[in-house]
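For reference, the structure is listed below as structure tokens.
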Protein chains: 2
Amino acid sequence: MSNETTFYGVKEIARRANVSIATVDRVIHNRSGVSEKTKKKINDIIKELDYQPNILASRLASRKIISLAVLIPKVSEETDFWESPLKGISRAETEIKKYGVQAIPFFFDLNDRNSFNAKADLILEGNFHGVLLAPSFVEEAKQFTEACYSRKIPFTFIDSDLPDQHNLCYIGPHLYQSGYVGAKLLTYRLKERHKVLVINISRATDNYNYVQIEEGFRSYFKDHKLPGDIIRVDIQDTDNLSVSRELTKVLNDHEGIQAIFVTNSRVFAVAKFLEKSKRDDISLIGYDFLKENINYLENGLIDFLICHKPEEQGYRGLMSLYETLVLGTRIEKVQFMPIDIITKENQAFYMN
Amino acid sequence: MSNETTFYGVKEIARRANVSIATVDRVIHNRSGVSEKTKKKINDIIKELDYQPNILASRLASRKIISLAVLIPKVSEETDFWESPLKGISRAETEIKKYGVQAIPFFFDLNDRNSFNAKADLILEGNFHGVLLAPSFVEEAKQFTEACYSRKIPFTFIDSDLPDQHNLCYIGPHLYQSGYVGAKLLTYRLKERHKVLVINISRATDNYNYVQIEEGFRSYFKDHKLPGDIIRVDIQDTDNLSVSRELTKVLNDHEGIQAIFVTNSRVFAVAKFLEKSKRDDISLIGYDFLKENINYLENGLIDFLICHKPEEQGYRGLMSLYETLVLGTRIEKVQFMPIDIITKENQAFYMN
DNA sequence: CTCTGGTTCGGGTACGTACCCGTAAATATA
DNA sequence: TATATTTACGGGTACGTACCCGAACCAGAG
């Protein structure tokens with residue numbers, strides 16, 4: 001701490017190179033109008049002095065505003081999960097607004113691929129300096145980010161990753177391992193043979209997220225050679241009635257189910273069903289720190305929630321663009337969020 | 001997001017008040033030399049415009065360096081827990097160094113109250129603008145912080161709290177609830193009557209932290225009316241041999257112990273003992289994300305670790321002083337850290 | 001030779017705030 | 001009334017960088 005190094009500025013560079021400040025400035029921002037010779041001379045001095053621009057002065061002098069676009073699902077009745085990332089994004093924005101950065105949100109419908117495309121086109125027209133997006137629709141997102149790449153607009157993924165793209169970074173969970181943790185918790189107190197149920201409640205059953213999670217979940221059983229059955233159910237209609245109907249059926253068909261794992265935040269729907277049908281003998285685990293889920297955690301119907309810090313994802317996502325565009329910092333390309341375990345007892349202190 | 005509000009500066013205030021910028025400046029920093037009348041006029045305008053000073057310009061123009069003192073235990077052979085807060089503090093420092101803030105660390109010995117006093121005196125002589133400290137010794141810390149208070153030096157507590165002091169804020173765990181969570185995890189798969197062991201490994205057995213944790217731990221059993229025994233052992237000598245001797249004795253005296261709860265980070269010492277004596281039938285829970293603990297988590301001897309984000313504590317602690325002294329932000333007086341649950345499966349992604 | 005156009009560069013002002021220095025007015029002191 | 005002291009305020013410069021505006025210079029065309 002407090003290593004006393006003197007900071008040199010453009011003035012010193014100009015002095016040493018026998019040129020004006022303006023010329024140094026031109027080199028730093030590689031604008032035109034500088035001969036190769038002086039350019040080299042100045043660059044050498046910059047390296048020698050390990051010049052670090054003063055962001056304060058830089059942002060103060062530059063009156064231009066940096067605009068960042070945010071492309072995420074809208075908060076629907078279906079799930080208010082996306083409230084959290086948005087909150088984090090807002091927090092980041094207020095923090096960097098004073099440096100002349102603004103963020104413009106674009107919301108798409110998770111049940112409508114076209115809405116994604118429409119908003120993406122709007123962003124491309126908008127001449128933004130950077131983009132933060134949730135690549136929920138794989139093909140559409142790839143197309144969009146390729147357009148960004150060719151326009152040299154940096155972009156960051158949150159919530160789920162698209163490997164091998166030209167993204168600045170990915171900030172989100174390691175989904176496979178998250179499912180793995182879910183399996184561990186689910187089986188932690190199951191003694192002999194188990195009989196567990198995996199439920200996917202979503203219109204889009206082919207969603208990349210769920211596939212990854214379930215893979216991790218099943219791997220745990222394989223790795224630990226746990227004997228027993230894993231039953232699997234897809235529920236495409238997300239209303240309470242449909243969920244109730246499907247669950248009744250499944251629990252009738254398969255007797256002796258001891259535990260249920262829900263692959264997303266709609267675990268509260270299952271909790272509601274278990275509450276009504278008075279099945280408090282079944283352990284229940286699901287995702288995300290939503291109010292409804294917390295309620296069922298409180299009254300014991302949900303045993304554990306797993307959460308990946310959605311607010312932090314939004315915050316960091318926007319900051320990653322700020323750090324790149326304004327500060328010029330190097331960013332870690334993959335930043336996995338922790339796989340947080342939430343129980344009735346520690347939920348009051350959770351940081352989303 | 002992006003609510004377009006025009007920012008007004010001192011210049012505009014000066015214009016409206018029919019005074020010079022210098023006078024406005026005097027009012028803002030309530031320096032002397034302004035008549036009550038103009039002072040009021042300017043203050044009214046400041047309120048009306050909801051004036052927010054431009055930190056960039058402010059820190060740029062002010063060449064004075066703000067010095068913060070950090071008073072925490074030194075990293076000893078006994079425990080390298082304090083590495084993490086220090087890391088967080090360093091991270092915060094590099095982040096705010098560009099705004100002319102520096103942090104000077106002072107380390108005391110957890111086994112020597114006098115070393116705390118000595119360093120505290122050094123800090124008082126040093127004319128610092130703010131102090132971040134871990135009040136490990138209650139009486140000594142009270143005396144020190146009172147001196148800070150009378151000198152109007154703001155100070156923040158981390159790791160443990162001293163209620164009713166004039167501290168800026170406390171950033172750390174809710175110890176009672178943390179013990180409560182420990183009990184939950186410990187008993188989660190114990191079916192019938194339990195027989196559990198609580199171990200406190202530390203020279204200072206009267207430490208405020210441990211007392212609080214144990215209280216929470218025991219409350220869980222009371223609240224859930226769990227039948228069974230809680231055995232308690234104090235181990236004052238922290239070397240492996242002593243730990244081994246004490247544990248052998250206790251496990252002989254009390255047969256059928258199913259689980260052990262260690263109230264601090266020295267749980268690895270217990271794990272080592274269990275490993276040697278091949279007692280993998282006993283569940284083990286303890287504190288903190290230390291390398292040694294993680295190793296035992298990996299090979300299954302430790303079931304859960306509880307952790308309170310020590311690095312984050314250090315980071316936030318220093319930032320709280322920065323936010324107060326530089327930004328003039330209001331700070332939450334009590335900021336509880338989450339009670340994180342770490343297992344073999346999610347440890348790779350934990351954020352300390 | 002002059003004229004044009006491009007290249008290369010420096011002077012100077014601005015960003016919003018901090019603070020030194022000087023001065024006019026008000027008040028106290030002789 | 002003359003002088004000293006205090007009070008209240010304004011002018012102006014500096015912080016480090018961005019960028020506009022023009023100037024000097026050079027090459028080639030006429």
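Per chain, numbering begins at 1; letters A, B, ... match sequence-line order.
Closest approach to the B:V10 side chain among D:dG10, C:dT17, C:dG10 is made by C:dT17 (side chain taken as heavy atoms from C-beta onward). The side chain of A:L60 lies closest to D:dG16, out of D:dG11, D:dC19, D:dG16. For A:S58, taking side-chain heavy atoms from C-beta onward, the closest of the listed nucleotides C:dC15, D:dA8, D:dA18 is D:dA18. Taking every side-chain heavy atom of B:S35 into account, D:dA8 is the closest of D:dA8, C:dT17, D:dC20. Taking the side chain of A:R31 as heavy atoms from C-beta on, and the options D:dT17, D:dC19, C:dT17, the nearest nucleotide is D:dC19.
Remark: C1' of D:dC21 and CG of A:D25 are 15 Å apart, rounded to the nearest angstrom. For the pair B:I65 CD1 and D:dC15 C1', the computed distance is 14 Å after rounding to whole Å. Here D:dA14 presents its C1' atom at 15 Å from CZ of B:R59, a figure rounded to the nearest Å. Computed from coordinates, the B:I21 CD1 to C:dA14 C1' distance equals 13 Å when rounded to whole Å.
Across the interface with DNA chain C, nearest-nucleotide mapping of B:R26 and B:Q52 shows B:Q52 to be the residue nearer the 5′ end.
Using a 30° and 60° split on the angle between ring planes, B:F349 and A:F336 fall in the perpendicular class, above 60°.
B:Y8 carries B:R16 over the face of its six-membered ring, with the cationic atom under 6.0 Å from the centre and within 45° of the normal.
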